Amino acid sequence: MLAEQILSLNLTTRKLCKNCDNGAIITQKMRLLYLVRNEVLSPRELVGELSIAKPNLTILARNMIAEGLIEKMRVERDMRSVHYRITDKGMEELNRMIAELNDSIVKQLQLNDKEVQKGEKKLEAALNFLNGVE
């Protein structure tokens, strides 16, 4: 059943990030970079999206700031509030990780170009449905 497969996929990717294989599996770092790729997000938003505890986010963010992948910024409307955004280096790293993951998936599933395109369209339709997009 499709719904069960989507649930299984979601749970599996969350489990796999604990056993990362040189970036070939989705890590918390990759998830965070993906979330902040187009917008500035608060720690509260990231904790909710990543389903991790705030202290774990703090450690992850501190390490990623040290690597130059994200940066901390203050929001004008409330200078006390800290938000995170991706850096150019972080965007390059995210693109590298996505390409590596894509290559790994295509290789493991032994897909040709036509099958990849068909799969992308089906997944896009499923994501749009799950996100409530018509």
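This is a predicted model, so every value here is computed, not measured.
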Measuring from atom CG of Asp103 to atom CD of Gln108, what distance do you get when rounded to the nearest 0.5 angstrom?
11.5 Å

Acceptor/donor pairs from residues 110-122 side chains to any protein atom, 3.5 angstrom cut, sequence neighbours excluded:
| residue | atom | partner | partner atom | Å |
| --- | --- | --- | --- | --- |
| Asn112 | OD1 | Lys114 | N | 3.0 |
| Asn112 | OD1 | Glu115 | N | 2.7 |
| Glu115 | OE1 | Asn112 | N | 2.8 |

Contacts of type side-chain contact (heavy atoms from CB on, under 4.5 Å), residue Ala53, not counting sequence neighbours:
Pro55, Asn56

If you apply the rule side-chain contact (heavy atoms from CB on, under 4.5 Å), what do you find for Met97 with Thr27, and how did you get there?
CA-CA 10 Å; Met97 293 168 127; Thr27 64; 3.9 Å; yes

Side-chain donor-acceptor contacts of residues 60-70 below 3.5 Å, not counting sequence neighbours, with atom names and distances?
| residue | atom | partner | partner atom | Å |
| --- | --- | --- | --- | --- |
| Asn63 | ND2 | Ile59 | O | 3.4 |
| Glu67 | OE1 | Lys29 | NZ | 2.9 |
| Glu67 | OE2 | Lys29 | NZ | 3.2 |

As an exercise, state the distance from CD of Glu49 to CG of Leu57, rounded to the nearest 0.5 Å.
12.0 Å

Sorted by chain and residue number, the side-chain hydrogen bond (donor to acceptor under 3.5 Å, both in side chains) partners of Arg44 (sequence neighbours excluded) come out as none

Cluster question for you: counting only ILVMFWY and a side-chain heavy-atom cut-off of under 4.5 Å, with indirect links fine, are Ile105 and Leu127 together?
no

Apart from Val40 itself, what residues make up its hydrophobic cluster, given side-chain heavy atom links below 4.5 Å?
Met73

Thinking salt bridges, do Arg96 and Glu92 make one under a 4.0 Å N-O criterion?
no

Applying side-chain hydrogen bond (donor to acceptor under 3.5 Å, both in side chains), name anything that partners Thr58, two or more places apart in sequence or on another chain.
none

Give, for atom NE2 of His83 and atom CD of Glu45, the distance between the pair rounded to the nearest 0.5 Å.
5.5 Å

Are side-chain heavy atoms of Met30 and Leu101 found at a separation under 4.5 Å?
yes

For the pair Leu32 and Ile86, evaluate side-chain contact (heavy atoms from CB on, under 4.5 Å) and give the outcome as yes or no after the intermediate values.
CA-CA 9 Å; Leu32 193 150; Ile86 196 166; over 6 Å; no

Over all heavy atoms of both residues, which pair between Val47 and Lys54 is shortest? Give the atoms and the distance, please.
CG2-CA, 3.8 Å

Residues Ile98, Glu100; criterion side-chain contact (heavy atoms from CB on, under 4.5 Å); working and verdict
CA-CA 5 Å; Ile98 289 172; Glu100 188 176 319; over 6 Å; no

Evaluate the side-chain proximity of Tyr84 to Glu71: yes if any heavy-atom separation is below 4.5 Å, no if none is.
no

Residues in side-chain contact (heavy atoms from CB on, under 4.5 Å) contact with Asn95, at least two apart in sequence or another chain:
Met91

Kindly confirm or rule out a cation-pi arrangement of Arg37 over Tyr34, judged by NZ or CZ under 6.0 Å from the six-membered ring centre and within 45° of its axis?
yes

Can you tell me how far CG of Leu94 sits from CZ of Arg31, rounded to the nearest 0.5 angstrom?
13.0 Å

Hey, could you give me the OG/CG distance between Ser104 and Leu109, rounded to the nearest 0.5 Å?
8.5 Å

